[in-house]
Amino acid sequence: MEFVYNLLAFLHFIGWAIVFGGYLASLRSPGLYRGVFHGALAALVGGVGMVGVAEASGMWDDGGPDMAKIGVKLTFALVIAVLAFVAKRQGAKGDNGTGAVAPGLKHAIGGLTLVNIAIAVFWH
């Protein structure tokens, strides 16, 4: 089960890297990369899977992380995934799927992703 947990953690980290990297790469363009939505889904599935595997297998003998932290991170991940979906749909309306996305929407995705990463690192 530890291998499955580590595989899900890898998926989770790669997903957030895609979201934040896609946001940073699109700062100078009016659009947002479609991969941001897929990265958000990968991070969401990976995070939920990590918690499920760890809880089911008893990996967290010490009680594991605070469930309030998990709940906050899940909420942020859901909001980011929904915003990324909205941005994907908004961008698809333009020419060849590279349409502009509202700057507030794009920056909300980047900012919330950064906050989610900070919560993961600093909340003990």
Side-chain angles (χ1 to χ4, degrees):
M1 285 307 250
E2 188 174 343
F3 175 76
V4 174
Y5 179 85
N6 289 335
L7 188 64
L8 290 167
F10 180 75
L11 176 70
H12 184 69
F13 295 147
I14 293 297
W16 287 128
I18 291 169
V19 173
F20 197 65
Y23 163 72
L24 290 177
S26 69
L27 280 177
R28 292 184 180 231
S29 69
L32 185 67
Y33 292 108
R34 284 188 201 163
V36 170
F37 171 64
H38 301 292
L41 284 181
L44 182 62
V45 169
V48 169
M50 284 168 53
V51 173
V53 166
E55 285 287 326
S57 67
M59 289 178 74
W60 294 333
D61 293 332
D62 61 351
D66 185 4
M67 284 299 143
K69 174 183 177 179
I70 299 298
V72 169
K73 287 185 54 56
L74 176 62
T75 303
F76 271 90
L78 285 170
V79 169
I80 292 165
V82 168
L83 291 176
F85 177 75
V86 170
K88 179 182 154 190
R89 295 282 308 261
Q90 197 176 75
K93 292 180 182 177
D95 299 333
N96 297 329
T98 59
V101 174
L105 180 60
K106 185 188 329 188
H107 296 311
I109 292 168
L112 290 174
T113 301
L114 195 58
V115 169
N116 200 11
I117 293 168
I119 289 170
V121 172
F122 294 113
W123 186 338
H124 292 288

Report summary line: Applying side-chain contact (heavy atoms from CB on, under 4.5 Å) to D66 and not counting sequence neighbours gives A68, K69, W123
Query raised in the report: Linking Ile, Leu, Val, Met, Phe, Trp and Tyr by side-chain heavy atoms under 4.5 Å, what else ends up with F13?
Result: none
Report task. Show which residues join F3 in its hydrophobic cluster (side-chain heavy-atom contacts under 4.5 Å, direct or indirect), or state none. Result -> L7
Honestly curious: do [X] and [Y] fall in one hydrophobic cluster under the side-chain, below-4.5 Å linking rule?
{"X": "V115", "Y": "L83", "result": "yes"}
{"X": "L112", "Y": "L105", "result": "yes"}
{"X": "Y5", "Y": "M1", "result": "yes"}

Show me the donor-acceptor pairs, under 3.5 Å and distance only, between side chains in residues 44-59 and residues at least two apart or in other chains.
from	atom 1	to	atom 2	distance (Å)
S57	OG	V53	O	2.8

**Report entry** Where at least one partner belongs to residues 36-46, residue pairs that pass side chain to side chain donor-acceptor pair (under 3.5 Å), sequence neighbours excluded
**Finding:** none
Query raised in the report: ring pair (Phe, Tyr, Trp, His ring centres under 6.0 Å) with F85: which residues, sequence neighbours excluded?
Result: F37
Query raised in the report: Between P65 and I70, what is the shortest heavy-atom contact and its length?
Result: CG-CD1, 3.9 Å
Report task. Kindly say whether V101 contributes a backbone atom to a donor-acceptor pair with the side chain of K106 at under 3.5 angstrom? Result -> no
Under 3.5 Å, which donor-acceptor pairs do the side chains of residues 72-79 form with other protein atoms, sequence neighbours left out?
from	atom 1	to	atom 2	distance (Å)
K73	NZ	N116	O	3.4
K73	NZ	N116	OD1	3.0
T75	OG1	G71	O	2.8

Indicate every side-chain donor-acceptor pair of residues 16-29 with a distance under 3.5 Å to a residue at least two apart or in another chain.
from	atom 1	to	atom 2	distance (Å)
W16	NE1	H12	NE2	3.3
Y23	OH	H107	ND1	3.0
S26	OG	G22	O	3.1
S26	OG	Y23	O	3.1
S29	OG	S26	O	3.2

